[in-house]
*Asks:* 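Input: one structure, supplied below.
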Amino acid sequence: MIGPLLAAGLALLSVGVGYAQTAPGLVGFQGRLTDASNNPMNGNQDLTFRIFDAAGGGNLLWSETQFGVPVANGVLAVQLGAAVPISSNVFQGAAAYLEVQVGATVLAPRERLVSVPYAINSRMLEGREFAAFVS
């Protein structure tokens, strides 16, 4: 058996009420696990998530393992950062790639993490570049 396959979707989770709120350090992750014959997997799975700065090799920026993640008809949903917080410096580089491991099997290729449209605007604060503010 080659091992499980994963089709995945990522969504940045943030809730803001007024200016005092900050976005939580969580990233929503949904995926579909199948076996080597493309049959959906079921049952609880131990999943390890890692973020690297390169599609192959590179530097490990963050990692966590979530134990007993329920998988039903191949579908799973977790919040990355729930076990080990994701620090803001993880996304300071030009690129970040997510690697998923199911049990002892590391899935490939790594998936590049990209912005959601309005998150790109976070570089601007009320239309001003971040350099306009003193930290």
Side-chain angles (χ1 to χ4, degrees):
M1 179 165 137
I2 295 174
L5 304 174
L6 179 72
L10 295 167
L12 180 64
L13 298 178
S14 64
V15 176
V17 180
Y19 293 106
Q21 295 291 328
T22 60
L26 300 172
V27 176
F29 178 87
Q30 299 173 341
R32 185 167 188 269
L33 275 176
T34 59
D35 63 17
S37 299
N38 204 31
N39 297 310
M41 296 177 68
N42 288 290
N44 293 337
Q45 301 289 331
D46 295 340
L47 302 175
T48 299
F49 302 94
R50 298 179 187 94
I51 297 176
F52 289 87
D53 62 1
N59 298 301
L60 177 64
L61 304 174
W62 171 86
S63 177
E64 80 175 0
T65 300
Q66 295 191 18
F67 298 97
V69 174
V71 178
N73 198 29
V75 177
L76 66 100
V78 298
Q79 293 181 347
L80 304 181
V84 176
I86 302 173
S87 66
S88 59
N89 65 349
V90 169
F91 300 111
Q92 287 181 347
Y97 294 84
L98 179 67
E99 177 180 273
V100 179
Q101 180 176 332
V102 180
T105 304
V106 176
L107 306 181
R110 292 176 185 163
E111 293 292 324
R112 184 165 188 194
L113 300 175
V114 296
S115 301
V116 293
Y118 281 97
I120 294 170
N121 189 45
S122 67
R123 294 182 192 152
M124 305 289 284
L125 300 171
E126 302 231 340
R128 295 173 289 220
E129 291 284 341
F130 69 91
F133 295 89
V134 177
S135 62

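Note: hydrogens, waters and symmetry copies are ignored here, and every other heavy atom, side chains too, is used.
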*Asks:* Is there a donor-acceptor contact under 3.5 Å from the side chain of Asp53 to the main chain of Asn59?
*Replies:* yes
*Asks:* CD of Glu111 to OH of Tyr97: how many Å apart, nearest 0.5 Å?
*Replies:*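 OH of Tyr97 is found 10.5 Å from CD of Glu111.
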*Asks:* Report yes or no: does Arg110 contribute a side-chain atom to a donor-acceptor pair with the main-chain N or O of Ala54 at less than 3.5 Å?
*Replies:* yes
*Asks:* Going only through I, L, V, M, F, W and Y residues with side-chain contacts under 4.5 Å, is there a path from Val75 to Val102?
*Replies:* no
*Asks:* Once rounded to the nearest 0.5 Å, what's the spacing between atom CG of Leu47 and atom CG of Leu33?
*Replies:* 6.5 Å
*Asks:* Establish whether Phe52 and Phe49 are linked, either directly or via other cluster members, by ILVMFWY side-chain heavy-atom contacts under 4.5 Å.
*Replies:* no
*Asks:* Do Gln66 side-chain atoms and Gly68 backbone N/O form a donor-acceptor pair below 3.5 Å?
*Replies:*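 The answer is no, because no donor-acceptor pair under 3.5 Å joins these two groups.
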*Asks:* Please determine which of Leu80, Leu26, Leu61 meets the side chain to side chain contact (heavy atoms under 4.5 Å, CB included) test together with Ile86.
*Replies:*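 Of the listed residues Leu80, Leu26, Leu61, the side chain to side chain contact (heavy atoms under 4.5 Å, CB included) partner of Ile86 is Leu80.
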*Asks:* Between the side chain of Glu64 and the main-chain N/O of Val84, is any donor-acceptor distance below 3.5 Å?
*Replies:*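 Here the side-chain-to-backbone pair exists.
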*Asks:* To the nearest 0.5 angstrom, please state how far the OG1 atom of Thr48 sits from the CD atom of Glu99.
*Replies:* 9.5 Å
*Asks:* Side chains of Asn39 and Thr34: does their closest heavy-atom pair fall under 4.5 Å?
*Replies:*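 No - every pair of side-chain heavy atoms lies 4.5 Å or more apart.
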*Asks:* Which atom pair, heavy atoms only, marks the closest approach of Gly74 to Pro40?
*Replies:* N-CB, 3.6 Å
*Asks:* Just wondering, do Val71 and Asn42 contact through their side chains at under 4.5 Å, heavy atoms?
*Replies:*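 Of all side-chain heavy-atom pairs linking Val71 with Asn42, none is under 4.5 Å.
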*Asks:* Give the minimum heavy-atom separation between Met41 and Asp35, together with the two atoms involved.
*Replies:*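 So the two residues come closest at CG-N, 3.8 Å.
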*Asks:* Once you round to the nearest 0.5 Å, how far does CH2 of Trp62 lie from CG of Asn89?
*Replies:* 13.0 Å
